[in-house]
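Single-structure report; data block below.
By convention in this document, chain letters (A, B, ...) are assigned in the order of the sequence lines, proteins followed by strands, and residues within each chain are numbered from 1.
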Amino acid sequence: MNDVMIGQYIPGSSKIHQLDPRTKILLTFWWIITIILTNRLFYFGLTALFLSFILIGAQIPIISIWKSVKPVLPIILFTSFFNLIYTQGTVLWSFYFLAITQEGVQLSLFLILRILLIVIGCSFLTFTTSLTSITDGLESLLAPLQKLGVHVNDVAMMVTIAIRFIPTLSEEIQKIKDAQKSRGASFSDQKFLGKLRGVIPILVPLIYSAFRRAYELTMAIECRCYNHEIKRTKMNQLVFKRNDLVAFSFFCTLFIVVIIGRFN
Amino acid sequence: MRNQWLKQAIITAEFAVFIAIFSQFSIPLGPIPLTGQTFAVGLTATILKPKDAFQAVFIYLLMGVIGLPVFAEFHSGISVLFGATGGFLVGFLANAYVTSYLIQKTKASFFWGIFANIVGALFTLVFGTIWIKLNLQLTWISAFQTAFFPFLLPGILKAVFAGYIGIILHRRLSVAIRG
């Protein structure tokens with residue numbers, strides 16, 4: 001868990017890396033809507049071409065793209081297979097009770113393309129934007145919720161604290177485990193209940209120290225006069241630039257083309 | 001302490017990290033591995049108050065969305081949340097709130113702890129099933145066959161474990177939890 005701090009971010013200086021995080025978050029959602037609305041093979045090809053330009057532009061290695069696609073492959077193939085054999089329609093090929101229909105082939109193919117394009121498209125956000133930038137972007141985009149009583153700043157602060165604590169807590173689990181082992185705790189009990197009870201000597205000190213740490217950190221923050229109710233300023237202000245406008249217009253064009261294709 | 005809110009916020013963040021860390025572990029219990037994710041969500045809900053438990057799961061999901069590999073098997077990103085199995089993750093939010101609410105409204109006994117966790121686990125499964133139905137355009141029957149029935153028994157078993165261990169921790173750490 002100690003290596004997870006950087007997330008999926010691949011540092012770079014491309015135009016896509018330089019886009020405002022808010023632009024990238026909004027475009028990711030727009031991308032999902034565009035792909036859901038796409039319903040012809042030609043337009044799937046067009047969106048795939050568009051996506052490949054983005055990935056080449058952002059200089060994202062193929063291995064990283066493969067890593068993001070790999071986990072969803074089994075479920076896509078599984079469902080496509082069932083769609084292939086269960087969809088009714090014009091029979092293309094049959095074998096005893098199995099019949100593959102034209103509609104089945106189309107449905108499966110579109111499902112595969114749709115999920116792959118969404119997964120790859122969404123991962124471009126996390127590939128090209130650092131954790132801090134995404135947190136800042138989300139905080140700024142969700143700021144209107146503040147009027148509804150949702151404390152967006154507090155959520156952003158909790159995420160920051162959580163990210164900071166990932167290495168601390170995973171190290172602590174290891175330390176507690178070693179400490180309990182040195183006191184004779186056995187984690188290799190073969191019995192069902194024994195195995196289950198084995199987690200208690202780890203969890204009790206772990207959760208106790210979580211509460212103690214929270215107490216200490218609160219004291220430290222209070223000593224620095226932290227007040228969560230006042231408006232906070234930022235060192236790096238987010239500003240929309242010309243690049244963001246260009247990116248929006250590209251996505252807008254693609255969206256219009258897909259919509260025209262869908263209803264024509 | 002003056003700022004009780006701040007302390008709760010930090011504890012919530014710490015529990016979000018617990019869920020993230022436990023998501024990568026599984027305790028092999030015969031044929032059904034006790035995956036840490038469901039277990040940690042149940043445990044969080046048993047120990048924290050409803051609002052805090054909900055927030056802890058929310059922060060956990062947010063960490064995954066912004067790209068930290070905190071979901072099971074070190075996955076992350078918006079695509080996991082909007083993918084076929086994203087419903088289970090969203091269902092954790094309902095699970096955490098409902099479980100914690102039931103425990104708060106009843107006695108924190110073994111029976112109620114386990115009962116609340118089972119109800120919470122059912123919420124996760126129902127959310128997951130509805131999501132997979134809409135996402136993969138399945139029929140209700142095949143959605144339930146894919147996402148509900150295979151996970152029902154393991155889900156209930158995990159809920160029983162989480163409830164049992166959660167209540168033990170709740171009793172041993174009652175002074176610390178009450179602050």
Side-chain angles (χ1 to χ4, degrees), chain A residues 1 4-5 7-9 28 32 68 71-72 75-76 79 82-83 86 107 111 115 118-123 125-126 129 131 134-135 138 154-155 157-159 161-163 165-166 169-170 173 192 195-196 198-200 203-204 206-208 210-215 217-219 221-222 226 228, chain B residues 1-18 20-21 24 27-30 34 39 43 47 55 58-60 62-63 65-70 73-80 82-85 132 135-138 142 146 161 164-165 168-169 172-173 176-177 179:
Chain A
M1 277 310 273
V4 305
M5 290 289 284
Q8 294 179 320
Y9 180 52
T28 307
I32 296 175
S68 68
V72 291
I75 193 140
I76 302 181
T79 346
F82 281 106
N83 273 334
Y86 282 134
L107 192 66
L111 185 80
I115 295 181
I118 289 181
V119 168
I120 300 173
C122 288
S123 43
L125 168 72
T126 41
T129 326
L131 288 174
I134 304 184
T135 319
L138 275 177
D154 302 347
V155 173
M157 192 198 73
M158 281 192 246
V159 172
I161 291 176
I163 296 173
F165 272 148
I166 292 175
L169 289 180
S170 47
I173 292 180
F192 190 71
K195 243 180 203 172
L196 195 63
V199 295
I200 295 172
L203 287 175
V204 170
L206 187 69
I207 291 174
Y208 178 75
F211 279 93
R212 198 196 52 215
R213 195 177 306 103
Y215 179 81
L217 190 61
T218 310
M219 292 290 258
I221 296 177
E222 270 188 352
Y226 176 84
H228 76 110
Chain B
M1 195 177 298
R2 188 167 53 89
N3 210 337
Q4 192 64 24
W5 169 86
L6 193 56
K7 193 182 159 201
Q8 278 318 112
I10 297 169
I11 289 171
T12 307
E14 283 188 279
F15 270 87
V17 178
F18 282 144
I21 295 174
Q24 317 309 334
I27 307 163
L29 291 174
L34 174 56
F39 177 73
L43 209 61
I47 295 171
Q55 272 186 341
F58 184 76
I59 302 287
Y60 164 68
L62 213 55
M63 283 200 290
V65 166
I66 63 171
L68 281 168
V70 293
E73 291 171 23
F74 294 105
H75 295 150
S76 65
I78 295 184
S79 53
V80 179
F82 286 96
T85 53
I132 218 163
N135 204 297
L136 300 177
Q137 291 154 14
L138 300 172
S142 49
T146 323
F161 299 146
Y164 174 69
I165 300 218
I168 292 181
L169 292 176
R172 296 199 186 168
L173 295 167
I177 290 170

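Only the side chain of L138(A) comes within contact range of chain B, with heavy atoms under 4.5 Å apart. The contact between I11(B) and chain A is made by backbone and side chain atoms together, counting heavy-atom distances below 4.5 Å. The part of Q55(B) that comes within reach of chain A is its side chain, from C-beta onward, which places non-hydrogen atoms under 4.5 angstrom from that chain. There is no contact between Y60(B) and chain A, counting heavy-atom distances below 4.5 Å. For L169(B), the part sitting under 4.5 Å from any heavy atom of chain A is the side chain, from C-beta outward, and nothing else. When heavy atoms are compared at a cutoff of 4.5 Å, I115(A) approaches chain B solely by way of its side chain, counted from C-beta outward. Neither the backbone nor the side chain of T129(A) comes within contact range of chain B; no heavy atom of the residue lies under 4.5 Å from a heavy atom of that chain.
Side-chain contact between I200(A) and R172(B) is present, with heavy atoms from C-beta onward closer than 4.5 Å. Put simply, the side chain of F15(B) reaches to within 4.5 Å of the side chain of I207(A), judged on heavy atoms. Within the 4.5 Å cutoff, no side-chain heavy atoms of I47(B) are placed close to those of F18(B).
Between V70(B) and Q24(B) the shortest heavy-atom distance is O-NE2, 3.1 Å. Residues A162(A) and A13(B) come closest through the heavy atom pair CB-O, 3.8 Å. Minimum heavy-atom separation, F165(A) to E14(B): CD1-CG, 3.7 Å.
Remark: T126(A) OG1 to I134(A) CD1 distance equals 6.0 Å, nearest 0.5 Å.
Among I161(A), I173(A), T135(A), V159(A), the residue with the largest count of heavy-atom pairs under 4.5 Å with chain B is V159(A). Note: L203(A) leads L111(A), I118(A), L125(A), L203(A) in heavy-atom pairs under 4.5 Å with chain B. Of the listed residues D154(A), T28(A), I32(A), the one with more heavy-atom pairs under 4.5 angstrom with chain B than any other is D154(A). For the set I221(A), V155(A), L206(A), the entry with the most heavy-atom pairs within less than 4.5 Å of chain B is L206(A).
By the side chain to side chain contact (heavy atoms under 4.5 Å, CB included) test, L107(A) pairs with N83(A), T87(A), Q137(B), sequence neighbours left out.
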